[in-house]
Amino acid sequence: MPTTQANPKAADAIAGSSDTALLQLGWGPFFSEQVSAEQSHTCQPVRVMSVHRGRVTVSGEGFDGSISSSVPGQEGAEDRPTVGDWLLIDRDTRSLVRILNRTSLFKRPAPGDDRRIQLIAANVDTLFIVTSCDQDFNVARIERYLVLAGEAGVRPVVVLTKADLSPAPDRFVAEARALQSGLQVELVDGRDPTSAARLSRYCGLGKTVALVGSSGVGKSTLVNTLTGSDSIATQPVREDDGKGRHTTTVREMHRLAGGADGGGWLVDTPGMRELQMSEVAAGVSEVFDDVTAVTLECRFTNCTHGDEPGCAVQAAMATGDLDPARFERWRKLAQEDAANSGAAAVRRSRPGKAGGRR
Ligand SMILES: Nc1nc2c(ncn2[C@@H]2O[C@H](COP(=O)(O)OP(=O)(O)OP(=O)(O)O)[C@@H](O)[C@H]2O)c(=O)[nH]1
Ligand SMILES: [Mg+2]
Ligand SMILES: [Zn+2]
């Protein structure tokens, strides 16, 4: 039970991050530096394990429980706690005091018409972009997730599941590797512990890995295999079109057992039907640095890469230096991002409307 006395050990732990429970949860200097000595007496840090309507489950030193997720005086989209967040809660009342600044944040326009910002996960170290060696594999979709990772400043790893079902899985590996220089690509049978084990090296003590991808690609299967349990429900894909059944409905952290590799956290997420781009211009430039480098060579800075004289894009496509399909994917993403980012800015400027805040 909470005490009303200040807890010197917990205060030390916040200031010096010396406490193993917090370190295992991913606590570190980036977060402890945001907490004043005074605040550390009245508040304790907890990490968000899962998000439910209006509430979050949290875990901290000596406290696991569920608390209301409303933040006093804040109503912007990014002011709501999401899975992976570090919160300060009042030691006595257990109420949410504030969300600590994040090392990284994944977000997207929510599916549907109003395009409000939906938060996916915070304080993530590595993003597993999960796709399967079958009809789900789609370079344009992988690029969208790569942009999301680039924008958030998080290392991406493409995880190709269902290697066992494909007669030639190496083709998928090669195609994925070609998308970004130095991109890590892992090929696994997600049901097989020996095969999946190579992924635990991304998930050492206190590290957080988020798994994203379409429904049915095997995100929850991987989490079950890596955690050595079958606690998350999984379901076979539909027979007619191979699509998943949207089995997972909550975003939730799962603990990996300790050891040389492991001891970190896997964030399982519901399969995404679509991934729209908004406010990701930096991520687009990073993932498509080859394309942007060419566009900088065009004679006119406002070149539309059509039939203007001196268009470096047209020249590079003519010589085979630039893949027209990749150029078209870049153009589509950049245009979509510009349109959605403009709409988001307009929404934010309207008083009284909750919108994403930077
Ligand atoms: N053969 C084979 N089957 C797999 C593999 N990974 C997952 N599956 C199967 O694929 C189906 C879907 O797996 P899930 O783990 O539920 O997929 P998910 O990505 O979590 O799907 P959502 O929760 O709907 O987003 C299940 O029947 C799994 O057993 C794999 O590597 N090989
Ligand atoms: Mg799932
Ligand atoms: Zn041009």
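Keep in mind that what you see is a predicted model, and the values were worked out from it rather than measured.
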Close side-chain approach of [X] and [Y], heavy atoms under 4.5 Å:
X	Y	answer
Glu279	Glu151	no
Cys203	Leu226	no
Leu87	Ile67	yes
Met277	Leu275	yes
Leu266	Lys219	no
Arg144	Glu336	yes
Val139	Glu175	yes
Val35	Cys43	no

Compare every heavy atom of [Y] with every heavy atom of [X], then report the nearest pair and how far apart it is.
X	Y	result
Val58	Phe63	CG2-CE2, 3.7 Å
Arg47	Ala122	NH2-O, 3.8 Å
Ser220	Thr248	OG-OG1, 2.8 Å
Ser50	Glu252	CB-CG, 3.7 Å
Ser214	Arg141	OG-NH1, 3.3 Å
Pro236	Arg245	O-NE, 2.6 Å

**Study point:** CA sep, side-chain torsions, deciding dist, call: Arg329, Leu179, side-chain contact (heavy atoms from CB on, under 4.5 Å)
**Key:** CA-CA 12 Å; Arg329 297 197 302 267; Leu179 293 178; 4.1 Å; yes
Measure the spacing between [atom1] of [X] and [atom2] of [Y] and express it to the nearest 0.5 Å.
X	Y	atom1	atom2	result
Leu165	Cys133	CG	SG	8.5 Å
Thr161	Asp189	OG1	CG	9.0 Å
Phe172	Arg177	CZ	CZ	14.5 Å
Thr103	Asp125	OG1	CG	6.0 Å
Asp337	Ser278	CG	OG	6.0 Å
Met272	Ile120	CE	CD1	3.5 Å

Assess whether atom [atom1] of [X] is packed by more than 12 heavy atoms of other residues, nucleotides or ligands within 6.0 Å.
X	atom1	value
Asp241	CG	yes
Glu38	CD	no
Asp230	CG	no

Review point. For the residue pair Trp27 and Trp86, does the interplanar ring angle fall in the parallel (under 30°), tilted (30 to 60°) or perpendicular (over 60°) class?
Key: perpendicular
Counting N and O atoms only, with roles assigned by atom type, does the side chain of [X] sit under 3.5 Å from a partner on the main chain of [Y], one being a donor and the other an acceptor?
X	Y	result
Arg255	Trp265	no
Asp323	Ala325	yes
Gln44	Ile89	no
Arg251	Leu119	yes
Lys162	Thr131	no
Arg55	Ser66	yes
Asp90	Ser95	no
Asn224	Ile232	yes
Arg80	Gly54	no
Glu308	Cys303	no

Exercise for review: Could you check Leu187 against Asp170 for side-chain contact (heavy atoms from CB on, under 4.5 Å), going step by step and ending with a plain yes or no?
Suggested key: CA-CA 8 Å; Leu187 179 66; Asp170 290 342; 4.0 Å; yes
Point to revise | Test side-chain contact (heavy atoms from CB on, under 4.5 Å) applied to Phe30 and Leu100, step by step | key: CA-CA 9 Å; Phe30 178 87; Leu100 295 183; over 6 Å; no
Cluster question for you: counting only ILVMFWY and a side-chain heavy-atom cut-off of under 4.5 Å, with indirect links fine, are [X] and [Y] together?
X	Y	value
Val237	Val188	no
Val294	Val284	yes
Leu333	Ile129	yes

Check your understanding: Salt bridge or not for Lys332 and Glu143, using N-O below 4.0 Å?
Key -> no
Review point. Is Arg191 salt-bridged to Asp164, cutoff N-O under 4.0 Å?
Key: yes
**Study point:** Side-chain donor-acceptor pair present, Arg102, Thr82, cut-off under 3.5 Å
**Key:** no
Practice item. Would you please test Val154 and Phe106 for side-chain contact (heavy atoms from CB on, under 4.5 Å) and show each step? Key: CA-CA 9 Å; Val154 165; Phe106 286 110; 3.7 Å; yes
